[in-house]
2 protein chains.
Amino acid sequence: MSKTSGKSGSERRSGCPLNASVEMLGDRWSLLIIRDMMLRGFRSYKELMECYEGIATNILADRLRKLIEYGIIAAEPDPQDRRKVNYVLTRKGMDLAPVLTEMVLWAAAHEETGNQQLVELMRGDKAKFLADIRARWERTQAASGK
Amino acid sequence: MSKTSGKSGSERRSGCPLNASVEMLGDRWSLLIIRDMMLRGFRSYKELMECYEGIATNILADRLRKLIEYGIIAAEPDPQDRRKVNYVLTRKGMDLAPVLTEMVLWAAAHEETGNQQLVELMRGDKAKFLADIRARWERTQAASGK
DNA sequence: AATCTTACTTGCATAATGCAAGTGATAATT
DNA sequence: AATTATCACTTGCATTATGCAAGTAAGATT
């Protein structure tokens, strides 16, 4: 039930690595969720839900579940408010930063898109940009005692 | 009919560039098609169809149509065999090379995948790898008189 | 002329998605 | 203590996308 469909791990591992990436990320929402967690610091279901009115609540739940299965994010209960669940990027999830960056730069180069500020940050010094968000992530990891 | 659904260009342009990328590439097949054209040199419907038995013929036709709409690939009739259509990457399509590369490297780092040869090529000298496939593309462009 | 290839389209069944309306657990308010 | 609000979801149902088998039209091969 929780698996995507027919293709399971063994089949994913067989081909080019790109097949695995596409299986995990090749849909309308996963990368956007990851972006919002990585760049905007979103952590809760509610934040993700309100952000882009567009994703349906059941789909968000489903994508979060799958991202957890793939080890890209993890869910941890909020110590302050026990109703809440905080979703955080794992290292595997953080390692998607270069992918997101290249996708942003590609679209910015070929489409008329918004958020030029972010684009300039990325384009100016890509390595520094990546190092910065990585460092921020390391800090949150340290803060939560990992 | 040919448009994806509700979201049209104006809506795509509004947000973060990533939204545009995901709208164009966020599905199960588009990136795989682009990879096969970029790395394996596939040009015809038949080649793409036979490659991964998995994509349905109507879906392949649909994806090719959309990729053409987005300006990522172009279709040109084969001068030798007039039944044939050759699909070629546009510059915009070629510019996806860094995206594909990062996705491959990410999956290779975090999953057990095949095609280590390709991965090593990319990992060893990413810039050179990208320059090489770019140069190859430039040559095919020159060859077809563009 | 008959057959084969290539690039599709069509019809139909199944799966994924979107929307509205719940639900159950916890927290805040009165 | 009871009521209301918030949070993270599920469930049911309609719509849309996908997958498969079969068919088709234009052009090539024999």
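Within every chain, numbering begins at 1; the chains are lettered A, B, ... in the order of the sequence lines, protein sequences first and strands thereafter.
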(message) From CG of A/D62 over to C1' of D/dT11, roughly how many Å is that when rounded to an integer?
(response) 14 Å
(message) Quick test of your reading of the model: are A/E69 and A/R65 salt-bridged, counting only N-O distances below 4.0 Å?
(response) no
(request) Whole angstrom is fine here: how far is it from CG in B/L48 over to C1' in C/dT5? (result) 16 Å
(message) If you assign each of B/L64 and A/R63 to its closest nucleotide in DNA chain C, which residue comes earlier from the 5' end?
(response) B/L64
(message) Let's go through A/E23 and A/K66 carefully: what are the C-alpha distance in whole Å and the side-chain angles of both, what is the deciding distance for salt bridge (Lys or Arg N to Asp or Glu O under 4.0 Å) to 0.1 Å, and is it a yes or a no?
(response) CA-CA 11 Å; A/E23 189 183 325; A/K66 281 177 183 161; over 6 Å; no
(request) In whole angstrom, give the distance that lies between atom CG of A/D27 and atom P of D/dA17. (result) 15 Å
(request) To the nearest Å, give me how far apart CZ (B/R28) and P (C/dT14) are. (result) 20 Å
(request) Mind calculating the distance between CD1 (B/I33) and C1' (C/dA7) to the nearest angstrom? (result) 14 Å
(message) Can you measure B/R65 atom CZ to D/dT18 atom P for me and round it to whole angstrom units?
(response) 12 Å
(request) Flag the pair B/D132 and B/K128 as a salt bridge only when some basic side-chain nitrogen lies within less than 4.0 angstrom of an acidic carboxylate oxygen. (result) yes
(request) Specify the separation, in whole Å, of atom CD of B/E47 and atom C1' of C/dA7. (result) 13 Å
(request) Could you please name the option among C/dA7, C/dG18, D/dT10 that lies closest to any side-chain atom of A/I59? (result) C/dG18
(request) Tell me whether the OP1 or OP2 atom of C/dG18 has a side-chain N or O from A/W29 closer than 4.0 Å. (result) yes
(message) So if I take every side-chain heavy atom of A/A61 and compare against D/dA8, D/dT10, C/dA7, which nucleotide ends up nearest?
(response) D/dT10
(request) Would you mind building the protein contact string for nucleotides 19-30 of chain C? One character per nucleotide, 5' to 3', B for base within reach (heavy atoms under 4.0 Å), S for sugar-phosphate only, - for untouched. (result) B-B---BBS---
(message) Could you check whether A/R91 pairs with A/D95 (Lys NZ or Arg NE/NH1/NH2 to Asp/Glu carboxylate O, under 4.0 Å)?
(response) no
(message) Check A/K84 with A/E47, please: is the shortest side-chain N to carboxylate O separation under 4.0 Å?
(response) no
(request) Among C/dT17, C/dT6, D/dA8, find the nucleotide with the atom closest to the side chain of B/K84. (result) C/dT6
(request) Can you sort out the partners of A/A131 under side-chain contact (heavy atoms from CB on, under 4.5 Å), two or more places apart, ordered by chain and number? (result) none
(request) Let me know the distance between CE of A/M49 and P of D/dT6, rounded to the nearest Å. (result) 16 Å
(request) For B/V99, enumerate each residue passing the side-chain contact (heavy atoms from CB on, under 4.5 Å) test, keeping only those at least two apart in sequence or located in another chain. (result) A/E102, A/M103, A/W106, B/L96, B/M103
